[in-house]
Structure formats: structure tokens, C-alpha cells
4 protein chains.
Amino acid sequence: MSTPSRADAVRNRQLALDAATALLAEPDTALTVEVIARKAGLGAGTVVRAFGGKDALLDAAVAGLLRPVVARGRELAASNEPVRALRTFLGELMAFQAAHHAAGDNLRGLAAPETTALRAELVTAVEIMIDAGRRAGQVRGDLPIDVLTTIIGESAYAVARSGSGPERIDVFLTVLLDGLRPST
Amino acid sequence: MSTPSRADAVRNRQLALDAATALLAEPDTALTVEVIARKAGLGAGTVVRAFGGKDALLDAAVAGLLRPVVARGRELAASNEPVRALRTFLGELMAFQAAHHAAGDNLRGLAAPETTALRAELVTAVEIMIDAGRRAGQVRGDLPIDVLTTIIGESAYAVARSGSGPERIDVFLTVLLDGLRPST
Amino acid sequence: MSTPSRADAVRNRQLALDAATALLAEPDTALTVEVIARKAGLGAGTVVRAFGGKDALLDAAVAGLLRPVVARGRELAASNEPVRALRTFLGELMAFQAAHHAAGDNLRGLAAPETTALRAELVTAVEIMIDAGRRAGQVRGDLPIDVLTTIIGESAYAVARSGSGPERIDVFLTVLLDGLRPST
Amino acid sequence: MSTPSRADAVRNRQLALDAATALLAEPDTALTVEVIARKAGLGAGTVVRAFGGKDALLDAAVAGLLRPVVARGRELAASNEPVRALRTFLGELMAFQAAHHAAGDNLRGLAAPETTALRAELVTAVEIMIDAGRRAGQVRGDLPIDVLTTIIGESAYAVARSGSGPERIDVFLTVLLDGLRPST
DNA sequence: AATGAATGAGGGTTCATTCAT
DNA sequence: GATGAATGAACCCTCATTCAT
């Protein structure tokens, strides 16, 4: 029968994904297929085969990390306190980046369609919040919105690089959001 | 005389450096010794020998890019219009990063003493400007200065990632500097 | 079961070891990883991976050659005809060296813990035989024992260099053992 | 004129030779052309050109070391106290080997015609001494002479390997020469 | 379907030799 | 003729992928 083995395949996919995800948080680990496989308790071949290549595995792992953040972004985009929502969202995004700050680096030079798509959704969520903030008169309207979202998105990455803790993230957010306020 | 052949050595060192520097601006190129050597029109051995290793070559290339920026930073740190100086400096720093946005990534995991030293000088220059800005009442005093400098430094990196052009840099600076103003 | 593929690994490890061992007997061969791999019918990566480096492979190869000799030495050290035992042992040791006379040279400058340990055991065995020979009045007592063992050990190496056949070994042993007899 | 530059060539040949010779006594030095050149105060090209290749340079260096030893051998071969002469000669040979025990190893795999020829002469000298010793009844006659000379020649190398000092050499000689005495 | 050993291209580096200066 | 920088083949090793078991 093929059903039970299919179940195994699903389980192994998840094991590989979990291992890769865990390793993304360890900045000084090599992140080779063999290391991932060992952490997953699988063979190297299984790990590659489960995703069709290392690129796809890492894409899936980073996407898996990003997905709940994006979901949260969609949720917060519906808030009627857009600036507060933006701060909350960016705080969570940055905390995620800080916790897995090897994620971005390990994706370098790889095809990562899932992650790319999620990043776009993330930008959309930010866009909605900014737009709502503008309509509420809480966010400055003198700058092009697409540039603002890009800046905000990339800034999250910046914090990740410095291995920043919560207090640093908070300072950054204070500066960023004060800068986004309408100029008096 | 011992100068003549040395002249060639200097020229080729520069060729290798130029090639590496040029490649730092191409984010999707592999940046192997052989690629650098081919671009420089030299043999692979020559490139390694000229700098004593790939690490040292990349360090030198990035440092070469960073050096004039840092020099400019020292100059601007003496300005008596600190906020304007800060904006000018950050604009130049970010333009540099944007032009060579593979620089930081390619240095990952390498020993890069020159670049590290320059980065420290860069932070010092920013610190001076912020401090002067505070004394002039133009920069907020409610946040720890070392966190501000880190944030600012990392932000420059953020812009680099997005391959941003001048207008994007300008928007970022506007937001950042407005956020750094004393809260009313 | 996990044994089946492991069986191949063991077989190939042995293939690499055999190839290296065979090449140790060819004084004018380069003994690079690739040469060993080709002789073993394996890829270069496999050979390195199987032992964790060229050093370890050569150490293992030489140790593999030395091990039975040392075992025989321990056996003969228990003999109650110490001089006869010494001659037998040295004969076998030299025959081994003669058969693989590139062994020592190829280990030069390498970390070879196994081989080093075996050499020490070898010296100990000789020491025991000489000591027994002295107590039996068959070996001269006028010379320091540690010097004798060194000399004997190194002599075996000497014979190896000349690619000597059995009759040469025999002559050397006659001279050496006559020289070790108590002076009348 | 070509005469003065010829003089320079001769001088540089000697400088290269001296440098190589000196380095042969340092077992843990790399002995690359560049190292030799630096020690000689010459350029790498000059060192290679002076001898037509690294092999020839090392051959010449080792031969230069061996030559006086061989000369001394010829001298001592004329002695009418052959056994005493043999001991003296072997002592000097071994002291030479001990002082330059990197010599042999660095010649490995190289064409070294000069050194090879000298080694043959050295063997001849030993042969003469042994033959004279036999006629004087001081050296055993029951063993083939060519084997004895080989053994003796190779033994000198053995001592070199162990980095032996004078006392070790002396012990070795005592054993060896006692072994060469006619069996009673 | 999973395994994990084998593969082999590609990485940085070394070094005897060559050749423009 | 001397120089020493450039060369490029060869070295050992790593690792994503493949494939016999």
C-alpha cells in the first residue's frame, strides 16, 4: 500500500523542516544538508528528496517562520488603531528576525518563491496600516507610500543583523514611528 | 633600481582590487577567487598572493570603499550644523552601500580587520554628530546614544539590501531624522 | 536494517586502505589523494571522507602494516630464547619495512597517532627482549639500553631504504646481533 | 663585457648553494625556492636559473656536503689500520648525516646525479677499508662484501633520522664494528 | 520510500618555473 | 644577467546531489 508510506513522507518533510528551522536560529552553524539531516534524524537523501533540493527546503523553512508573522499582519491591518497596530506588527516582525537572523543570509542567491511571496504580502499589510494611519491623520502623507513600506520592511532586516535584543528593537520603533508622524 | 617590477605589482594589486570592488556591486555573482582573477585579467594565484588570501582581498576592497566615506564622516563631524551634517553623511554612506550592496554579505564569516576598524570610526563620527545635535537641542535626548548609533549604522545596511536609488535614500533619511528630532 | 549500506562503506574503506598500502610499496609514486582514489576505483571525496583526511588515511595504512609486526613482537617478547626471538622479530620487522619502504617517508610531517603509538610498542618489545637477553648473559651489558633500542629501531629503517631482499636482511641481522653479544 | 657578469654569476651560484646548504640543516623549514632565495639575498629566478632547477640545486648542495666526507674516505682508505680508519670514517659520515639530516629527505623523488655518484664513491671507500681489514684478519670474511658496504652505508642514514648526538653514534659504531669482527 | 555512502565539481591555497622589466 | 611578480597546475578538502541497497 502507498498510503502509510505517504504518511511517513509527510512526517519526514515536517522533521526536515523543523530541523532546518531550528538551525536557522543558530548563526554559526554550517547549515549543510548533512547537518540538517542529522538534526532531523533522517538521511541526507531523504531531506533533499522531500523538497527537491536544498533551496526549496530553506525557502519552505523561512516561509514557515514568516507565515504566522504575515498572518498576524493581516489581522492587525484590520485594526482601527493603525499606528498602534503598525508598532505591534513591526515589533513582532523584528523579534522574529532577531530570533532567526541567519534566515535572510542563508537564502542569499537561492530561488525562494514562497518567501518572496510572503514578503510581498507583508509589505501589503504594512501598506494597509500606513494608509489607514494616513486617513486617520496619524501618519505623514508627504512621502510616497511604496517607498515607506520598502523602508520599513528593510529596516526590520537591519535590526536582525545586529543581533538586537528587545530594548534595541523598541528604540528603533520609537524613532521610526516618530519619524512617520505627520510633520507639524 | 627595484622600483620597475614593483610598479607592475602595484598595478596588478590595484587591478585585483578593482575587480573585486566591481564584483561587490553585482549581487548575484559568485565572487570566487577565480572569478575575480578573470575579471582582473590575472591568474588566480596572483590574486591570492597579492593579498595573502581571499579574506584579506575582500577586506581591502570593502575598506577601500568605506575609507573615503569615513574620511568624509570625520570632516562632517566638525560641522557646527550637526543635523545637516548627519543627513549629508548618512546620505553618502547609504549611497555607498546602495552602490555596493553585496559588500556586507560577502564579508560574512571572514576576518576583516580593516573594515571592522573603519566601521568603528564610522560609528564614532555618527556619535559625535548626534552628541553635537543634542547640545544644540536638535536631537532627542531621551534615548541611549549607543543604541541610536547602532540603529543608524544598521539602517544604512537596510537600504543597501533593497538596491535603493537616491530618492529612496532621501525618503529614508527624512523619516529617520524626523524621528531623531526632540519630541515636542 | 542499517547494516547493508554500511557493508559497502566498510568495503570501500578497505579498498582505499588497500590502495594506499599498495602505493606505499611504490617508492616513486606521488601518493596523492587522487592517485589513491583512482587505484581504489573510488572518487577522491570518498577516500577523504572515509578517513577524515589524507593524514588519517596514511596513518591507518602504515599502522595496518605495523600492527601484526607489533603483535608478533609482543608474542616473541615472552620467549625464553630472547636472542633468537630478537632475531626473528627483527627479521620480520625488516621484511615489512623492505616491502613497504615508502611508508616512513610518506608519513613525514603528518600527524600519525596510531603509527606513533605502535612504534612505541615496538620499541618496548625490543627492550624486553634485550633485557631478557642480558639476564641470560647473551647480550652485552656495557651499553645503555635505550640507545640500543633506538639504534635497532632505526636500523630497521635503514634496511628499508635500500630496498633490500631477504639475504641482505639476513646479513644485517648477523652483523647486528654479533655486535650485540657480550664482548669477550 | 661578459667576464664581470660571469663573476657575479659564480658568486650568486655560491650564495644560492650556501643558503640551500644551511637550510638543509633545519629540518622543519619549508625549503621552497623562495625561502632559499631570501636566505641567499637573491631573487627566486636567479636561484632557479643558476642551477637550472630546484632539483639540481639541491643535488649540488647535498653533494657539496658529501664531497669532503668522501674525500676523507679516500684518504682513510689508504690507512694501514683499516678498522680504526673505518670507525673514524663512519663516525665522520654519521656526524655529517646527523648535522644535515634533512638532506636525504629533501632529495626524495629528485634526480640527483652528483649525489648518487658520490654515494657510490663512498661505498667504494668503505669497500677498500673492509677489504684491507679482511686481509689483516680484523674483519669477518664470511659475508659478501657488497652486502656489508650497503648495510654500512644505509646505517649511517639510520642514525641521521633519530637526530642522534655523538654518544649515540659512538654506541652504534661499537655495536657495528664488533659485529664486523671475525667470529671466533 | 528511506538510506547514507559515493560522487565530482569547485573552493582556496601553494610553489617551481617563466618572463617582462 | 638579475629580479621577483605572474603563472597555472596540482594539492587537499567540502558538500549538494545521486543512486545502489
Side-chain angles (χ1 to χ4, degrees), chain A residues 2 4-9 12 30-38 42-50 52-55 57, chain B residues 1-13 15-16 30-37 40-50 52-55 57, chain C residues 1-13 15-16 30-37 40-50 52-55 57, chain D residues 2 4-9 12 30-38 42-50 52-55 57:
Chain A
S2 62
S5 38
R6 175 81 154 260
D8 258 36
N12 286 345
L31 211 65
T32 66
V33 169
E34 186 145 359
V35 168
I36 297 170
R38 182 151 46 241
L42 299 172
T46 308
V47 168
V48 170
R49 161 178 271 264
K54 193 198 186 189
D55 294 19
L57 167 56
Chain B
M1 273 146 252
S2 59
T3 350
S5 50
R6 181 89 151 258
D8 256 42
V10 168
R11 190 184 58 92
N12 286 347
R13 227 187 104 101
L15 248 50
L31 213 66
T32 68
V33 167
E34 196 151 334
V35 168
I36 297 170
L42 301 172
T46 307
V47 170
V48 171
R49 164 180 265 262
K54 191 200 186 190
D55 294 19
L57 167 56
Chain C
M1 272 149 250
S2 60
T3 349
S5 50
R6 181 89 153 255
D8 254 43
V10 168
R11 190 185 58 93
N12 286 347
R13 228 187 104 101
L15 245 51
L31 214 64
T32 68
V33 168
E34 197 152 333
V35 168
I36 296 170
L42 301 173
T46 307
V47 169
V48 171
R49 162 179 267 262
K54 192 200 186 189
D55 294 20
L57 167 57
Chain D
S2 63
S5 39
R6 176 81 152 261
D8 256 37
N12 287 344
L31 211 67
T32 66
V33 169
E34 187 145 358
V35 168
I36 297 170
R38 184 153 41 242
L42 300 172
T46 310
V47 168
V48 170
R49 161 178 271 263
K54 193 196 184 190
D55 295 20
L57 166 56

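All values derive from a computational prediction rather than experimental measurement. Just so we're on the same page: letters track the sequence lines, and every chain starts at 1.
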Original post:
Which residue lies toward the 5' end of DNA chain F, A/Glu34 or B/Gly45, if each is placed at its nearest nucleotide?
Top reply: B/Gly45
Side chain of [X] - closest among [options]:
X       : options               : answer
A/Ala44 : F/dT3, E/dA5, E/dT21  : E/dA5
C/Lys54 : F/dC13, F/dT18, F/dA2 : F/dC13
B/Thr32 : F/dG4, F/dA2, E/dG12  : E/dG12

Shortest non-hydrogen contact from [X] toward [Y]:
X       : Y       : value
A/Asn12 : A/Thr46 : ND2-CG2, 4.2 Å
A/Val33 : A/Lys54 : CG2-CG, 4.0 Å
C/Ala40 : C/Leu15 : O-CD2, 3.5 Å
B/Ala16 : B/Val47 : CB-CG2, 4.3 Å

Original post:
When you match C/Gly43 and B/Leu31 each to their closest nucleotide on DNA chain E, which lands nearer the 5' end?
Top reply: C/Gly43
Original post:
Which residue, C/Val47 or A/Arg49, contacts DNA chain E at a nucleotide closer to its 5' end, judged by nearest heavy atom?
Top reply: A/Arg49
Original post:
So what does D/Thr46 hit on the nucleic acid, given a heavy-atom distance under 4.0 Å: a base, only sugar-phosphate, or nothing?
Top reply: base
Original post:
What is the nucleic acid contact for D/Val48, judged by heavy atoms within less than 4.0 Å: base, sugar-phosphate only, or nothing?
Top reply: base
Spacing of [X] atom [atom1] relative to [N] atom [atom2], expressed in whole Å:
X       : N      : atom1 : atom2 : value
A/Arg38 : E/dG4  : CZ    : C1'   : 11 Å
C/Leu42 : F/dA20 : CG    : P     : 15 Å
C/Arg13 : E/dA6  : CZ    : P     : 11 Å
A/Asp8  : E/dT3  : CG    : C1'   : 13 Å

**OP:** Verify the contact: side-chain N or O of B/Asn12 to OP1 or OP2 of F/dA6, cut-off strictly under 4.0 Å; return yes or no.
**Re:** yes
